[in-house]
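The block underneath contains the structure these notes are about, expressed in C-alpha cells.
Numbers restart at 1 for each chain; the letters A, B, ... are given by sequence-line order, proteins then strands. On a predicted model such as this, the values are computed, not experimentally measured, just so you know.
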Amino acid sequence: MFNDIADILEIRGDNPFRIRAYRRAAQNIDSMPKDVAAMSLDDLHKIPGIGADLAAKIHEYAQSGRLEFFDELKKEVPAGVIGLLSVPGLGPKTAKLLFDKLHIKDIDELEMHAKEGRLKGLPGIKARTESNILKGIAMIKRHSGRYPIGRMRPVAEEFMDGLRRGAPVGEISVAGSLRRWKETIKDIDILVTSRAPQKVMEVFVNLPQVKDVIMKGPTKSSVVTNEGIQVDMRVVSGDSFGAALAYFTGSREHNVRLREMAVRKGLKINEYGIFDVKTDKKLGGAKEEDIYRILGMPYIAPELREDSGEIEAALMGNLPELIEIKDIKGDLHIHTKESDGSHEIEELINIAQTKGYRYIAITDHSKGLAVAHGLSIERVLEQNRKIKAINKKLKGFKLLSGTEMDIKSDGTLDYPDDVLRQLDIVIASIHSGFRQAREKITQRIVSAMNNPYVSIIAHPTGRLIGERDAYDIDMEEILKTASETRTSIEINAYPLRLDLSDIYVRKAKKLGVSFAINTDAHVSHQFDYMAYGTGTARRGWIEKGDVLNAAGYDMLMKCINLKRTEDTRKR
DNA sequence: GCCGTTTTCGGCCCGACTGTTTTCAGTCG
C-alpha cells in the first residue's frame, strides 16, 4: 500500500523525498519477518524509515482494515493509472499526462489509444514514443514480474560466456540482485571492464540469444532475450571496476546509505570511484574494498547489502563471518533410484567426492509417499544394511543411512521409532495436507520435532517460488521448538524452493536455531544447487558454526546423538 | 515523510540513455 501511495504521489508530482520515505518504509516492512499489523506503535516507530506518521498509518490500517489517506488519494488517481507505470519507459509524468488529457485509466485503454495513434500530438509524444509504449505493453503481457534465481543464473552464464569468447573484455562479473543471491530476479546485470567499450557493446547486442535492444550507449546497454528476460550491461575501465561493481550490485538502499555517509565526510561515490569533493581527487575505485575502507568499514559481502543493519554492523565491527560453499562438508538430503532419484548409491558417492565432500546422507522418501516410490520398512532397513556394508569399504568418506520421512496429514510419522533408531539421520517433511489450518500444520511439524530421532525438518514451508505459496504455519512457534529440541531447520537449496527463505533464516539464527543446507538432489547436476543454498544462508547472516553439515563427521554425529540421548520430548 | 556526535529545520545519492527537444525533461537503475 505504501508503494502504491508512493506511485500516486509521484504521479501527482509530490515532494520526491516524501515519495522516497514511503518507498523506504515499504521496503523495510517487506523485509520484516514479523507481521507489522501485530506490532505496537512504539515498536513500529523503531523500524528504520518509519516515523510518527507512517507508524500511525500502519496502526490505522491494522485496526480498521482501511487507510483513509490512501482512499482519498485513489479518488484523485484511479488504481489503474498506477498500473501504467509498469510499462517500461512510461513514468509518472507521462501517466499523469495520459490521464489528464485522454482520461486513460488502465493499460487496456492505453493500448487501445496507442494502437489508434491517438497518443501522438500530446506534448513530448510522437510516433517513436507511441510505438515504444506498444512494445512495452506487449512485453509486460508476455511476462511481468520476477524470475526465480535458478532460471536466471544459467542465462547470465551464457551471456558471460558469449562476451568472453567474442569481445575484448578484462574482468567480468554478474552484479545486481543476482550477485546478492536474491531468490527472485527481475533482470540480469553484467559488468565488464574493457579498453574498447564500443566493441564490447556490438558483441553484446548481437549475441544470438538477444531478441530486442532496448538501449545502447557507449558504456551502458540493455537487451531482451528470446525468453523475455532483460539483461543490462555496463562497461567501465579497470580502475573503476570496484566502484562500478559496488554501484551495480546494489541494493539501491545500501548504495544510498553509503553515498549519504560519503557526503557527510566530504566525499562523493559514483560508479567511477570514490572522490574527495573539494579537490575532486580520486581516492579509490579499482576494488570494491576501496569504497568500504575509505568510509571506515570492513568489506560487506554482496548478500548482506540490503540496508537491513549491515552498515551498522560493519561500523561496529560486528559483521558475521559468512559461511562459504567450501565450508560445506556434505549433503544431508539426497535421493537414489530406490525412491524418485536417478542414481545408485555408488554413483552418488563418486559425485560427492568430486565435490570434496566428507560425507553424504542417503534420504529416500518413506512409504507414505507412494508417488515417489517411498520405501517400505523392509526396503529402508535393507538399504540401511547395504549402506553400512558400503561404509566399511570407504576410506575418508562416510555414508549416512537416512530417510526423508513423511509427516502424514494426520500428524503421525511414517516410520515407528524402532525403525528410525536404526538409521543415522532422519529428515522429516510435509508432502500433503498443504491446505490444513494453521494450528494443524504447525502442530504436525512441532510434534515431528519432538521426536528424538528427527534431526532435520526439510523444506519447512513447502513453498515453490512463483508456483505454490508456503503453507500456513506459525513460524515463530516452529523456530522456537526447533531451538528447544535441537532440531535443525533445512535451507533447501533447490532453486525453486530456497526454503527456509532468507528473512526467516535470519530470524531463526537470532533464536539460536541450527541449519542444514541441503540440495535435495535427485540427479547428479543438482549437487550444484548447493550454491543457491549457501547464497540464501549468507543472506540470512549464517556462519559456519550455525550449519550442521559444515561440521566434520564426528561432530555431526555428536549433534545428532545429543538430541537422541537427551530426549527432549514433551511428555 | 524521516532524521540528527555537524542540524529539531533543512537537508535528503548519482549518472546514463532516449526522445523530444534547440538545451533538456523523463525514465531508469
Side-chain angles (χ1 to χ4, degrees), chain A residues 2 5-6 9-11 13-28 44-58 69 84-98 119-133 135-136 175-178 185-191 197 201 205 213-223 230-236 240 243-244 246-275 277 291 295 307 315:
Chain A
F2 282 171
I5 290 173
L9 294 178
E10 220 171 4
I11 291 168
D14 217 296
N15 175 359
F17 301 107
R18 187 185 184 202
I19 294 161
R20 184 195 293 173
Y22 275 98
R23 294 215 190 279
R24 175 150 191 250
Q27 144 98 18
N28 287 343
L44 287 171
H45 205 293
K46 283 182 200 142
I47 302 174
I50 294 188
D53 185 275
L54 293 183
K57 285 193 168 78
I58 294 169
F69 176 61
L84 299 181
L85 301 180
S86 62
V87 178
L90 197 162
K93 294 288 189 289
T94 313
K96 180 170 167 52
L97 181 75
L98 295 169
L119 305 183
K120 287 193 286 279
L122 289 173
I125 296 182
K126 288 188 162 180
R128 191 62 176 270
T129 303
E130 198 170 68
S131 83
N132 278 347
I133 284 174
K135 263 169 133 179
S177 48
L178 205 50
I185 310 288
K186 190 155 156 281
D187 46 37
I188 293 170
D189 299 309
I190 295 173
L191 178 70
M201 286 306 172
V205 301
V213 179
I214 297 175
M215 70 173 169
K216 175 164 167 277
T219 70
K220 185 179 174 182
S221 295
S222 292
V223 299
Q230 183 171 331
V231 184
D232 299 339
M233 191 183 64
R234 191 84 191 245
V235 187
V236 297
S240 293
Y247 151 78
F248 216 17
T249 297
S251 67
R252 185 182 306 217
E253 292 75 16
H254 177 88
N255 285 350
V256 167
R257 287 289 308 279
L258 293 186
R259 289 175 179 188
E260 282 170 358
M261 285 180 66
V263 168
R264 283 197 293 276
K265 289 173 184 281
L267 306 170
K268 182 180 78 168
I269 299 172
N270 58 27
E271 56 264 56
Y272 302 107
I274 178 164
F275 302 86
V277 171
I291 310 278
L295 290 177
D307 188 23
L315 289 169

Point to revise | CA sep, side-chain torsions, deciding dist, call: Leu84(A), Thr94(A), side chain to side chain contact (heavy atoms under 4.5 Å, CB included) | key: CA-CA 9 Å; Leu84(A) 299 181; Thr94(A) 313; over 6 Å; no

Exercise for review: Remember a base hit wins even if backbone is also touched, and classify Arg234(A) as base, sugar-phosphate or nothing at under 4.0 Å, heavy atoms.
Suggested key: sugar-phosphate

Practice item. Please state whether the phosphate of dG1(B), meaning OP1 or OP2, lies under 4.0 angstrom from any side-chain nitrogen or oxygen of Arg18(A). Key: yes

Practice item. May I ask you to say what Tyr22(A) touches in the nucleic acid, namely base, sugar-phosphate or nothing, with a heavy-atom cut-off under 4.0 Å? Key: sugar-phosphate

Revision key, fill the gap. The residue, Lys216(A) or Asn255(A), whose nearest nucleotide of DNA chain B is more 5′ is Asn255(A)

Review point. If only atom types and distance count, is the side chain of Thr249(A) paired as donor or acceptor with the main-chain N or O of Ala246(A) below 3.5 Å?
Key: no

Exercise for review: For Phe248(A) and dC17(B), give me the distance from atom CZ to atom P, rounded to whole Å.
Suggested key: 11 Å

Review point. What is the distance from CD1 of Ile19(A) to P of dG1(B), rounded to the nearest Å?
Key: 11 Å

Check your understanding: Expressed in whole Å, how much space separates the P atoms belonging to dT27(B) and dT21(B)?
Key -> 15 Å

Review point. Can any side-chain N or O of Glu130(A) pair as donor or acceptor with the backbone N or O of Leu119(A) at less than 3.5 Å?
Key: yes

Exercise for review: With the side chain of Tyr272(A) defined as its heavy atoms from C-beta on, choose the nearest nucleotide among dT20(B), dA16(B), dC2(B).
Suggested key: dA16(B)

Check your understanding: Taking only N and O in the side chain of Ser222(A), is any of them less than 4.0 Å away from OP1 or OP2 of dG29(B)?
Key -> no

Point to revise | Spacing of Leu97(A) atom CG relative to dT20(B) atom C1', expressed in whole Å | key: 13 Å

Point to revise | Euclidean distance for C1', dT8(B) against dC2(B) (whole angstrom) | key: 12 Å

Check your understanding: In whole Å, what separates the P atom of dC13(B) from that of dG19(B)?
Key -> 29 Å

Review point. Are Lys220(A) and Met215(A) close enough, and set up right, to give a side chain to side chain contact (heavy atoms under 4.5 Å, CB included), and what steps lead you there?
Key: CA-CA 8 Å; Lys220(A) 185 179 174 182; Met215(A) 70 173 169; 3.6 Å; yes

Check your understanding: Picking from dA16(B), dT20(B), dG29(B), which would you name as closest to the side chain of Lys126(A)?
Key -> dT20(B)

Check your understanding: What is the distance, rounded to the nearest whole Å, between atom CD1 of Ile58(A) and atom P of dG1(B)?
Key -> 13 Å

Practice item. Send over the distance from Glu253(A) CD to dC2(B) P, rounded to a whole Å. Key: 17 Å

Review point. Just how far is it from atom CD1 of Ile50(A) to atom CG of Leu44(A), taken to the nearest 0.5 Å?
Key: 6.0 Å

Show each protein N/O and nucleotides 3-5 of chain B N/O combination with a separation under 3.5 Å, one pair to a line.
{"from": "dC3(B)", "atom 1": "OP1", "to": "Gly49(A)", "atom 2": "N", "distance (Å)": "2.9"}

Review point. Out of curiosity, Asn270(A) CG to Arg259(A) CZ, how far, rounded to the nearest 0.5 Å?
Key: 7.0 Å

Check your understanding: Is a donor-acceptor contact shorter than 3.5 angstrom present between the side chain of Asn132(A) and the base of dG19(B)?
Key -> no

Review point. Separation of Ile269(A) atom CD1 from dC14(B) atom P, in whole Å?
Key: 8 Å

Review point. At under 4.0 Å between heavy atoms, what does Pro16(A) touch on the DNA or RNA strands: base, sugar-phosphate, or nothing?
Key: nothing

Practice item. Could you please name the option among dT20(B), dG15(B), dC12(B) that lies closest to any side-chain atom of Glu271(A)? Key: dG15(B)

Practice item. Compare the minimum distances between each of dG15(B), dC13(B), dT20(B) and the side chain of Thr129(A), then state the nucleotide with the smallest one. Key: dT20(B)

Exercise for review: Identify the nucleotide, in any strand shown, that forms a Watson-Crick or G-U wobble pair with dT8(B), with both distances under 3.5 Å; if there is none, say none.
Suggested key: none

Check your understanding: Could you give the OH-to-P distance, from Tyr247(A) to dG29(B), as a whole number of Å?
Key -> 10 Å

Check your understanding: Between CD1 of Ile269(A) and CD of Glu260(A), what distance do you get to the nearest 0.5 Å?
Key -> 10.5 Å

Practice item. Report yes if a side-chain nitrogen or oxygen of Arg259(A) is closer than 4.0 Å to either non-bridging phosphate oxygen (OP1 or OP2) of dC14(B); otherwise report no. Key: no

Practice item. Taking only the side-chain heavy atoms of Glu260(A) (C-beta and beyond), determine which of dC12(B), dG29(B), dC2(B) contains the nearest atom. Key: dC12(B)

Point to revise | Span that lies between the P atom of dA16(B) and that of dC9(B), in whole angstrom | key: 38 Å

Check your understanding: If you find the nucleotide of DNA chain B closest to Lys57(A) and the one closest to Met201(A), which residue's nucleotide is nearer the 5' end?
Key -> Lys57(A)

Review point. Separation of Lys120(A) atom NZ from dT21(B) atom P, in whole Å?
Key: 14 Å

Exercise for review: Report yes if a side-chain nitrogen or oxygen of Arg20(A) is closer than 4.0 Å to either non-bridging phosphate oxygen (OP1 or OP2) of dC13(B); otherwise report no.
Suggested key: yes

Practice item. Considering only atom C1', compute the distance from dG1(B) to dT5(B) and round it to an integer number of Å. Key: 24 Å

Check your understanding: Is the side chain of Ser251(A) donor-acceptor paired with the backbone N or O of His254(A) at a distance under 3.5 Å, no angle test?
Key -> yes

Check your understanding: Yes or no on side chain to side chain contact (heavy atoms under 4.5 Å, CB included) for Asp307(A) and Gln27(A), after CA distance, side-chain angles and deciding distance?
Key -> CA-CA 10 Å; Asp307(A) 188 23; Gln27(A) 144 98 18; over 6 Å; no

Exercise for review: May I have the step-by-step check of side chain to side chain contact (heavy atoms under 4.5 Å, CB included) for Phe248(A) and Asp232(A), ending in yes or no?
Suggested key: CA-CA 10 Å; Phe248(A) 216 17; Asp232(A) 299 339; 4.2 Å; yes

Exercise for review: Just jot down the ring-ring contact (aromatic ring centres under 6.0 Å, His included) partners of Phe2(A), sequence neighbours excluded, or say none.
Suggested key: Tyr22(A)

Enumerate all atom pairs, one protein N or O and one N or O from nucleotides 24-28 of chain B, separated by less than 3.5 Å.
{"from": "dT27(B)", "atom 1": "OP1", "to": "Gly91(A)", "atom 2": "N", "distance (Å)": "2.8"}
{"from": "dT27(B)", "atom 1": "OP1", "to": "Gly91(A)", "atom 2": "O", "distance (Å)": "3.2"}
{"from": "dT27(B)", "atom 1": "OP1", "to": "Thr94(A)", "atom 2": "N", "distance (Å)": "3.0"}
{"from": "dT27(B)", "atom 1": "OP1", "to": "Thr94(A)", "atom 2": "OG1", "distance (Å)": "2.4"}
{"from": "dT27(B)", "atom 1": "OP2", "to": "Lys93(A)", "atom 2": "N", "distance (Å)": "3.0"}
{"from": "dT27(B)", "atom 1": "O5'", "to": "Gly91(A)", "atom 2": "N", "distance (Å)": "3.4"}
{"from": "dC28(B)", "atom 1": "OP1", "to": "Gly89(A)", "atom 2": "N", "distance (Å)": "2.8"}

Review point. Using the P atom in both, what is the distance from dT7(B) to dG11(B), to the nearest Å?
Key: 14 Å

Exercise for review: Let me know which of Lys93(A), Arg20(A), Lys96(A), Arg23(A) forms a side-chain hydrogen bond (donor to acceptor under 3.5 Å, both in side chains) with Glu10(A).
Suggested key: Arg23(A)

Exercise for review: For dT22(B) versus dC28(B), give the span between their C1' atoms, rounded off to a whole number of Å.
Suggested key: 24 Å

